[in-house]
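Structure, as structure tokens:
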Protein chains: 2
Amino acid sequence: MKGTNIGELEELVLLVVANLFDNAYGIGVKQEIEEKCNRSITISTVHNVLQRLQEKDYLESRYSDPAPERGGKRKLLFRVTPSGQSALENSRSMRESLWKTIPKVAFER
Amino acid sequence: MKGTNIGELEELVLLVVANLFDNAYGIGVKQEIEEKCNRSITISTVHNVLQRLQEKDYLESRYSDPAPERGGKRKLLFRVTPSGQSALENSRSMRESLWKTIPKVAFER
DNA sequence: TATATTTTTCGTAATTGTCGAAAAAAGGTT
DNA sequence: AACCTTTTTTCGACAATTACGAAAAATATA
């Protein structure tokens, strides 16, 4: 079922957009993922995911004014929607409840 | 990069296997996902993921004795490996640390 | 042997994850 | 103006994961 589920990378990007708040555009997200998550990712991948999340209504976007710097093109800034917030909260609480009921023996050797 | 990441469904199945501990075989996992997670999934999908997780060394398996019931075929029982446990703990702590730093404004309207 | 039941394996299609290269937009150079 | 450099987004393609239906295997019972 398309659009109803949320993939692993999609969830990560959603969390990073929430963190960056008003600097959440492609390159900002890429850098945050590489620094905070110690995971390499290309800018194309980030943009692809951002766009898909917007189509799923988990993100919304607007253009910033162009920055007065060399190459300072306008940025496409993203923000988590209420649906996006719910999706995040749902996966979090689902996983937490599963963690809580794991019997100790499951991880004994 | 194949085998290095862990998908959303893979993580869920890993958590469910840990929960079921010594009843973690295909159908048990399917039922647990449908009941606890309120998510429908076919048995083929579950088996596919179980197998891939074993190839990634996040699960190990052994055959049970056949059950003395009509159709009681031997079950392929799964168990989370130390690598699997690490993978689970890593994604959990990564996400938790991202949750902690989300500014309040990010979810304000 | 034939049938019904439980479980796993196989083949295939849709969605998600991934990247390289091209296109756009802006400021600086000549 | 014409050209180059930088920042950023868009496009096109392919790989990995997610998802099913149908077939095969193994077992008990008739």
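Throughout, protein chains are lettered first and strands after them, A, B, ... in sequence-line order, and every chain is numbered starting at 1.
- One interatomic measurement links the two molecules: CG of B:Leu53 to C1' of D:dT17, which rounds to 11 Å at whole-angstrom precision.
- Within the structure, the salt bridge (Lys or Arg N to Asp or Glu O under 4.0 Å) test picks out the following pairs touching residues 16-33 of chain A (sequence neighbours left out): A:Lys30-A:Glu34, A:Glu32-A:Lys36.
- For A:Arg62, the side chain to side chain donor-acceptor pair (under 3.5 Å) criterion is met by no residue, not counting sequence neighbours.
- Atom C1' of nucleotide C:dT16 and atom CG of A:Asn48 are separated by 8 Å, given to the nearest angstrom.
- B:Glu55 has its CD atom 13 Å from the C1' atom of C:dT9, to the nearest Å.
- In this structure, B:Gln51 places its CD atom 10 Å from C1' of C:dC10, rounding to the nearest Å.
- The closest side-chain heavy-atom distance from A:Asn23 to A:Phe21 is not below 4.5 Å.
- No donor-acceptor contact under 3.5 Å links the side chain of A:Thr45 to the base of C:dG17.
- Scored by the side chain to side chain donor-acceptor pair (under 3.5 Å) test, B:Thr45 finds B:Thr42 as partners (sequence neighbours excluded).
- Sorted by residue number, the members of residues 25-38 of chain A with any non-hydrogen atom under 4.0 Å from DNA chain D read A:Tyr25, A:Gly26, A:Ile27.
- Rounded to an integer number of Å, the gap from CG of A:Leu9 to C1' of D:dT18 is 15 Å.
- With respect to the salt-bridge test (charged N to carboxylate O, under 4.0 angstrom), the residues A:Glu11 and A:Lys56 do not qualify.
- Side-chain proximity of B:Lys75 to D:dC20, C:dT8, D:dT18: nearest is C:dT8.
- Using a 4.5 Å heavy-atom threshold, the side chains of A:Ile6 and A:Leu14 count as touching.
- One finds the CG atom of B:Leu77 at 12.0 Å from the CG atom of B:Leu59 (value rounded to the nearest 0.5 Å).
- Of the listed nucleotides (D:dT27, D:dT10, C:dT9), D:dT10 has the atom at the smallest distance from the side chain of A:Leu76.
- Atoms CD and CZ, from B:Glu55 and B:Arg52 in turn, are 8.0 Å apart once rounded to the nearest 0.5 Å.
- Nearest-nucleotide mapping onto DNA chain C: of A:Arg74 and A:Ile6, the residue sitting toward the 5' end is A:Ile6.
- Side-chain contact between B:Val46 and B:Val13 is absent, with no heavy-atom pair separated by less than 4.5 Å.
- Judged by closest nucleotide on DNA chain C, B:Ser44 is the one of A:Ile43 and B:Ser44 placed further toward the 5' end.
- One finds a salt bridge joining A:Arg39 and A:Glu8 here, because a Lys/Arg side-chain nitrogen approaches an Asp/Glu carboxylate oxygen to under 4.0 Å.
- Contacts between residues 80-99 of chain A and DNA chain D, defined by a heavy-atom separation below 4.0 Å, involve no residue at all.
- Here the side chain of B:His47 is nearest to one of D:dT27, D:dT18, C:dT8, namely C:dT8.
- Counting atom types as modelled, A:Asn5 pairs no side-chain N or O with a base atom of C:dT15 as donor and acceptor under 3.5 Å.
- Rounded to whole Å, atom C1' of D:dA16 lies 9 Å from atom CD of B:Glu10.
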Report task. Given side-chain hydrogen bond (donor to acceptor under 3.5 Å, both in side chains), test B:Gln31 with B:Glu35 step by step and report yes or no. Result -> CA-CA 6 Å; B:Gln31 287 170 349; B:Glu35 289 163 23; 5.8 Å; no
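- D:dT18 atom C1' lies 13 Å from atom CZ of A:Arg52, rounded to whole Å.
- Considering only heavy atoms from C-beta on, B:Val29 stays 4.5 Å or farther from B:Ile43 through its side chain.
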Polar atoms only, N or O, under 3.5 Å: list the protein pairs with nucleotides 28-30 of chain C and their distances.
residue	atom	partner	partner atom	Å
C:dG28	O4'	A:Arg70	NH1	2.7

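- Side chain B:Lys73 to base C:dT7: a donor-acceptor pair is found below 3.5 Å.
- In this model, the phosphate group of D:dC20 is approached by a side-chain N or O of B:Thr42 to a distance below 4.0 Å at OP1 or OP2.
- Side-chain contact check for A:Thr81 and A:Glu60: no donor-acceptor pair (N or O, by modelled atom type) lies under 3.5 Å.
- In this model, the phosphate group of D:dA19 is approached by a side-chain N or O of B:Arg39 to a distance below 4.0 Å at OP1 or OP2.
- If you measure from atom CD of B:Glu8 to atom C1' of C:dT16, you get 11 Å, rounded to the nearest angstrom.
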